[in-house]
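First comes the structure, then the notes that go with it.
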2 protein chains.
Amino acid sequence: MEISERKKKILAAVVDEYILTAEPVGSKALAEKAGLGCSSATIRNELAELVNMGYLEQPHTSAGRVPTPLGYRMYVNELMQKQKLSLEETEELNLRLEKKLNELDNTISDVSRLASQLTNYPALALSSRSQVTIKRFDIIYVDANTFIIVVMLDNNTVRNKLVHLPVSVDEGMVKKLSTMFNASFTGITDSQITPVLINSTERAADDSLGLTSVIAAFAMEVLATEAAPAAFVTGENRLLNQPEFRDPDKAHRLMSYLSSGGYILPPGEDLGDANEVRVLIGPENVAEELKDSSVIVASYDAGDGTKGLIGVVGPTRMDYSAIASKLSFLAQGLSRRLGGGEAPVEGMHNKLIIKGDDSDKR
Amino acid sequence: MEISERKKKILAAVVDEYILTAEPVGSKALAEKAGLGCSSATIRNELAELVNMGYLEQPHTSAGRVPTPLGYRMYVNELMQKQKLSLEETEELNLRLEKKLNELDNTISDVSRLASQLTNYPALALSSRSQVTIKRFDIIYVDANTFIIVVMLDNNTVRNKLVHLPVSVDEGMVKKLSTMFNASFTGITDSQITPVLINSTERAADDSLGLTSVIAAFAMEVLATEAAPAAFVTGENRLLNQPEFRDPDKAHRLMSYLSSGGYILPPGEDLGDANEVRVLIGPENVAEELKDSSVIVASYDAGDGTKGLIGVVGPTRMDYSAIASKLSFLAQGLSRRLGGGEAPVEGMHNKLIIKGDDSDKR
DNA sequence: TATTAGCACTCGAAATAAATGAGTGCTAAC
DNA sequence: GTTAGCACTCATTTATTTCGAGTGCTAATA
């Protein structure tokens, strides 16, 4: 059955109201509030049909209506009016983002914390880099048994490691290795560091002590660590703000799932296109623990291979529009800031594209 | 009034039972369980006196007795029988500690997580180093506008920073500065890096570009960061396991206090002597938010200036003995492991000294 | 044909009442 | 000093009632 314009209006009104109050909404309230010129009886008829169509449900016979996941999906896809952030909000967000990003470089966790603060929901942040390579090796000779490996990555971050050896090395060997690594191990990825390469380098350097493999191992470790997606979940306790989590057991279950680093997005799911906001509603989630919660994530892409996500988790009754705007804004800010560009321009957050899993898995 | 031997036994029995069940304990249950050869009537008389003395209280007239903070204090100081960990537990703890410590170097947060897992309470870990100094500087020339500062601290950790300059430097200057910093900035603490020292170095190096201050600033930053106590709180959500936190608001209040990095120990309180376990019961805590919770912390001291704490937070009804043993064991493990000694020996955890704030602040 | 007023009906939530029983304090006997 | 006995208290549990928001349906209306 096609859904009429009026039904859409009513559905939207129900969702809006329910998001606000967390209480089933009845025909009378709708007739009064939402400015659709018809009586509660008419609305009752429409509501009954919306229930038939699967967009709404009744907790019990004599209660108002509550949106089903399908109802939310419809709302998110078609009905919800995309919020624009006010100028003040924009300023505020910008300021706080700037501050976080300038402070230190544990950015992912900080960004997650920020998102959680701003939305008052548990938040997640995820970041990964593709195609990480090393740009430069320096090996510092400290003493006969000690040296420091310093590598500079293609995005100009620097990593180091102190190596203690049971055997003595001379400074010349260290210098030689440094040169060789700069020649053969720069500009290549994790997977290109093969045993063959290591062996040939070892032979060429005339290294009988296994230094080559120590350095190569470190290089691989750094590349792997850097490329591995890092994820942070923060603010789990904010779940307790939500009436649907007043049951401590229910709250605890989800909170420990979130804390335990369980998958929030389908494993292997790609990070999405930049500036895209995705919404997963209730049963659309793959993780059993999230089946009656919703997830909203925004993707960012810094351009230099660093991509990531920021998102929040909450009950299906979330203010999708407001949260999507904020997350989208943050994600765009990140794209710009991490990409090394200048500070974000206000108003740029309007390119809000909402996309979601539309398959009906109820 | 002096507390008789029998009263002590009864008090201990009440606390033990209450810790177990979280329910007020009555005279009858005590007469049956605790093997003190007297009837419930006698015990009732004793209980009434224990209430008078302030060690117990009644939620209401016709309920059993519950320990007051003073009662817990007495229990912790005198009555509780110090648990020894079983051999299996020791093994288990050792194994898990080893694993954590070997894995990576984000130790404090990991140790906190471990403590939380083992006790099933929110846990905190705090660590600080005194007298940090730099052992060695290396400055790597990358290109005319870029160099990397690498410093090695007295505990052999290495820190680095990439510096981009708007002006050009030549390799000679960098070399010169490297030498000078190794001569004048090693072996000194944060506070010894004075403007005077920086100025004189700058002049001596004939550095008109301000490189000296950049490097000195980094040195100071590293020293300050390293010396500043780092604190971690993890597993806040485990509070929800406790019946006294079934009220979501109460739980939320404490959880967000913990997450927000609020003081758990009195600010400025020293880290305590190694192998000492401190217990703060209810109102003994300074933070308003902790007034009806208890904190148990164990101190460790790695010997090289690294000191710290691990502890847990929970309701006043906690299994003080069991938790103190576990924390003490972990702390001793840390003292040994961080101090660079060999792996901990089993059985060494018996030196369990419990000390606490004994002032009666009820 | 679509809308609406009217009304009986449903059913959860809130309020009220009654029953239960664990645990007490006190008294009197041992 | 200890204990059996007993009346009493009071939170908790269970049962009962009341209340009202909201419904579905019918019949009148535009």
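Protein chains get the first letters and strands the later ones, always in sequence-line order, with residue 1 at the start of each. Model, not experiment: these values are computed from the prediction.
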Using whole Å, report how far [atom1] of [X] lies from [atom2] of [N].
{"X": "A:E46", "N": "C:dT3", "atom1": "CD", "atom2": "P", "value": "7 Å"}
{"X": "A:E49", "N": "C:dA2", "atom1": "CD", "atom2": "P", "value": "10 Å"}
{"X": "A:H60", "N": "C:dA13", "atom1": "NE2", "atom2": "C1'", "value": "9 Å"}
{"X": "B:E23", "N": "D:dA11", "atom1": "CD", "atom2": "P", "value": "15 Å"}
{"X": "B:I43", "N": "D:dA4", "atom1": "CD1", "atom2": "C1'", "value": "15 Å"}

Per B:R6 side chain, nearest of listed nucleotides C:dC11, D:dT3, D:dT2: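 Of all the options, the side chain of B:R6 is nearest to D:dT2.
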State, yes or no, whether a side-chain contact exists between A:P315 and A:F245 at a heavy-atom distance under 4.5 Å.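 Answer yes - side chains close enough.
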For residues 9-32 of chain A, which residue pairs qualify under salt bridge (Lys or Arg N to Asp or Glu O under 4.0 Å), counting only residues two or more places apart or in two chains?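 Matches after skipping sequence neighbours: A:E17-A:K33.
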5' to 3', nucleotides 22-30 of chain C under a 4.0 Å protein heavy-atom cut-off (B base, S sugar-phosphate only, - none) gives BSBB-----
Tell me every residue that passes side chain to side chain donor-acceptor pair (under 3.5 Å) with A:S293, counting only those two or more places apart in sequence or in another chain. none
Cationic N near anionic O, under 4.0 Å, A:R317 to A:D292: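 Not counted as a salt bridge, because no side-chain N and carboxylate O are separated by less than 4.0 Å.
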Any side-chain to backbone donor/acceptor pair from B:K7 onto B:L50? Under 3.5 Å, distance only. no
For the side chain of A:S321 and the backbone of A:Q81, is there at least one donor-acceptor N/O pair under 3.5 Å apart? yes
